*Asks:* 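Next up is a structure, given as C-alpha cells.
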Number of protein chains: 2
Amino acid sequence: MKNIKMKIARIERDMKQEDLAQVVGVTRQTIGLIEAGKYNPSLKLCIAICKALGKTLDELFWEETP
Amino acid sequence: MKNIKMKIARIERDMKQEDLAQVVGVTRQTIGLIEAGKYNPSLKLCIAICKALGKTLDELFWEETP
DNA sequence: AGTTCATGCAATATATATTTTACATAATGT
DNA sequence: ACATTATGTAAAATATATATTGCATGAACT
C-alpha cells in the first residue's frame, strides 16, 4: 500500500524526493518506490527516513490494521 | 547492535526463537540473527514480529540515539 | 509553444536479506 | 554419563532491496 504518511511528512518539510534521498543516502527511485508502496524497505532505511523527517517509526510506518 | 527489547518481548510471551519464526513465517536463524543484531530486517518482517509479540515498531525497533 | 522541475516507471546490474543444511555448545532433565 | 532442548554460528544458494541509466509525463513558468 502507498505510504501517504511518509509523503506528507516529506512535503511538510518542503523536501523533494531527491532531497530526502540524498539525506538518507539512497537514490530518488528508492524513495519514490517506498512512497508508492512498491516495496519493502530495510529497517535501517526506515529509521534513516524517520530521522530525516523528524518522525518515529510508528508515525510513518505503523498501520493499525487489526 | 543487539536487539534486547525484541528478545525480552519474545521471552515475556514464552516463545522460543523457533516459535516466533514460525508465526512470522521465517526461519529460526533469521530471528536469531535479528536478535543478535547481525542484520537489518525488512519493514514487513519487523511489522510481522511486532504483531506476533503485541508491540509496536517504536517499542521494539526504535532507538533514541540523538 | 517551449522549457524546466518533480515524479513515475521500466530494464538490467549489484548488494544484501533470507533460506537451507549442518554442526557446535550450554543448560536441563533422566 | 547420556539425551534433549534452545540457541549460536557458518557456507552456499536463492530471493529481493537498491543502484544505475534512461525515457515519459504532467505542472508551473516565461
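Quick caveat: nothing in here was measured; it's all calculated off a predicted structure. Just so we're on the same page: letters track the sequence lines, and every chain starts at 1. All heavy atoms count here, side chains included; hydrogens, waters and symmetry mates do not.
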*Asks:* Is it the case that atom CD in B/Gln22 sees more than 12 heavy atoms from other parts of the structure closer than 6.0 Å?
*Replies:* no
*Asks:* Run through A/Leu60, A/Leu57, A/Thr56 and flag the one making a side-chain contact (heavy atoms from CB on, under 4.5 Å) with A/Ile47.
*Replies:* A/Leu57
*Asks:* Under 4.0 Å from a heavy atom of chain B: give me the 5'-most and 3'-most nucleotides of DNA chain D that qualify.
*Replies:* D/dA6 to D/dA10
*Asks:* State, to 0.1 Å, how close B/Arg10 and B/Glu35 come at their nearest heavy-atom pair, and which atoms those are.
*Replies:* NE-OE2, 2.6 Å
*Asks:* Check this one for me: any side-chain N or O of A/Arg10 less than 4.0 Å away from OP1 or OP2 of C/dT7?
*Replies:* yes
*Asks:* Would you jot down, in residue-number order, the residues of residues 11-22 of chain A having a non-hydrogen atom under 4.0 Å from DNA chain C?
*Replies:* A/Lys16, A/Gln17
*Asks:* Provide the closest heavy-atom pair for B/Trp62 versus B/Lys5 in the form atom of the first, atom of the second, distance.
*Replies:* O-NZ, 2.8 Å
*Asks:* Identify the heavy atoms of A/Ala52 and A/Val24 that sit nearest to each other, and give their distance.
*Replies:* CB-CG1, 3.9 Å
*Asks:* Of the non-hydrogen atoms in A/Phe61 and B/Leu43, which two are nearest, and what is the gap between them?
*Replies:* CD2-CD2, 3.6 Å
*Asks:* Closest approach of B/Lys44 and A/Asn40, non-hydrogen atoms and distance?
*Replies:* N-OD1, 3.0 Å
*Asks:* Using whole Å, what does the distance between atom P of nucleotide C/dA11 and atom CD of A/Gln29 come to?
*Replies:* 15 Å
*Asks:* Under 4.0 Å between any heavy atoms, over every strand shown, what does A/Thr27 touch: base, sugar-phosphate, or nothing? Just pick one.
*Replies:* base
*Asks:* Would you say that more than 12 heavy atoms from the other residues, nucleotides or ligands in this model lie under 6.0 Å from the CD of A/Glu18, or not?
*Replies:* no
*Asks:* Working note: A/Arg13 + A/Asp19, criterion side chain to side chain contact (heavy atoms under 4.5 Å, CB included); need CA distance, chi angles, decisive distance, verdict.
*Replies:* CA-CA 10 Å; A/Arg13 294 240 157 183; A/Asp19 297 329; over 6 Å; no
*Asks:* Is there a residue in residues 39-50 of chain A whose heavy atoms reach under 4.0 Å of DNA chain C, and which residues are they?
*Replies:* none
*Asks:* Which pair of heavy atoms, one from B/Met6 and one from B/Asn3, lies closest together, and at what distance?
*Replies:* N-OD1, 2.9 Å
